[in-house]
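Worksheet: the structure to be examined is printed underneath.
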Amino acid sequence: MDPQGQTTSLQRLQNVEKRIVRVLELAGAVMDEMANPSGPRKELVNNHCTEFMQLVKDIQMTLREEIKSACEYRPFEKCDYVPRISNEICCKKLEYVIAQLDEMKQTIEGYGDAA
């Protein structure tokens, strides 16, 4: 976790990856224990299986939250492209109107000077 107590989506997914590795390690340890010639140690197998199941639940919960979060993500929600383009278009229209008004002013002044 970072200093603010929050983690990014990428950090949470990296933690899931670490948990998946641990789950595989636990599964391998149980397989080794089951293959033990003197027989599996029940307490060790139970501990590994309990940790395995807890990690699987944690992984499922985190992935569900990440999928839900990804579905709620709106990449263009804060995009200001449309307002910026509208603003630029309005500026161009104003420049055109000002140019037309300047031409009209010159034409009027031209008639005033001719009279």
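Each residue takes its place number in the sequence, starting with 1.
Using a 3.5 Å distance cut-off with no hydrogens or angles, the side chains of Asp58 and Gln54 do pair a donor with an acceptor.
Linking Ile, Leu, Val, Met, Phe, Trp and Tyr residues whenever their side-chain heavy atoms come within less than 4.5 Å places Met104 and Val97 in a single cluster. Val21 and Ile59 fall into different hydrophobic clusters, where Ile, Leu, Val, Met, Phe, Trp and Tyr residues are linked whenever their side-chain heavy atoms come under 4.5 Å apart, directly or through other members. Clustering ILVMFWY residues whenever any of their side-chain heavy atoms sit less than 4.5 angstrom apart, transitively, puts Met53 in the very cluster that holds Ile20. Leu55 and Phe52 end up in the same hydrophobic cluster when Ile, Leu, Val, Met, Phe, Trp and Tyr side chains are linked at under 4.5 Å.
Counting only residues at least two apart or on different chains, the salt bridge (Lys or Arg N to Asp or Glu O under 4.0 Å) pairs with a member in residues 25-37 are Arg22-Glu25, Glu33-Arg41.
Counted within 6.0 Å of CD on Glu43, heavy atoms from surrounding residues, nucleotides or ligands total 12 or fewer; the atom is thus considered open.
To the nearest 0.5 angstrom, Met34 atom CE is 11.0 Å from Asn36 atom CG. Leu94 contributes atom CG, which lies 11.5 Å from atom NZ of Lys92 (distance to the nearest 0.5 angstrom). To the nearest 0.5 Å, the span separating CD on Glu17 from CG on Leu10 amounts to 9.5 Å. Rounding to the nearest 0.5 Å places CD of Gln60 at 12.0 Å from CD of Glu65. Leu13 CG to Leu63 CG: the interatomic distance, rounded to the nearest 0.5 Å, is 7.0 Å. Residue Asn47 holds its CG atom at 8.5 Å from CD of Glu51, rounded to the nearest 0.5 Å.
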_Please determine whether side-chain contact (heavy atoms from CB on, under 4.5 Å) holds for the pair Lys68 and Arg64, giving the CA-CA distance in whole Å, both sets of side-chain angles, and the decisive distance to 0.1 Å._
CA-CA 6 Å; Lys68 182 181 175 187; Arg64 278 191 197 110; over 6 Å; no

*Given Val16 and Arg12, is the side-chain contact (heavy atoms from CB on, under 4.5 Å) satisfied, shown in steps?*
CA-CA 6 Å; Val16 165; Arg12 288 187 295 271; 5.8 Å; no

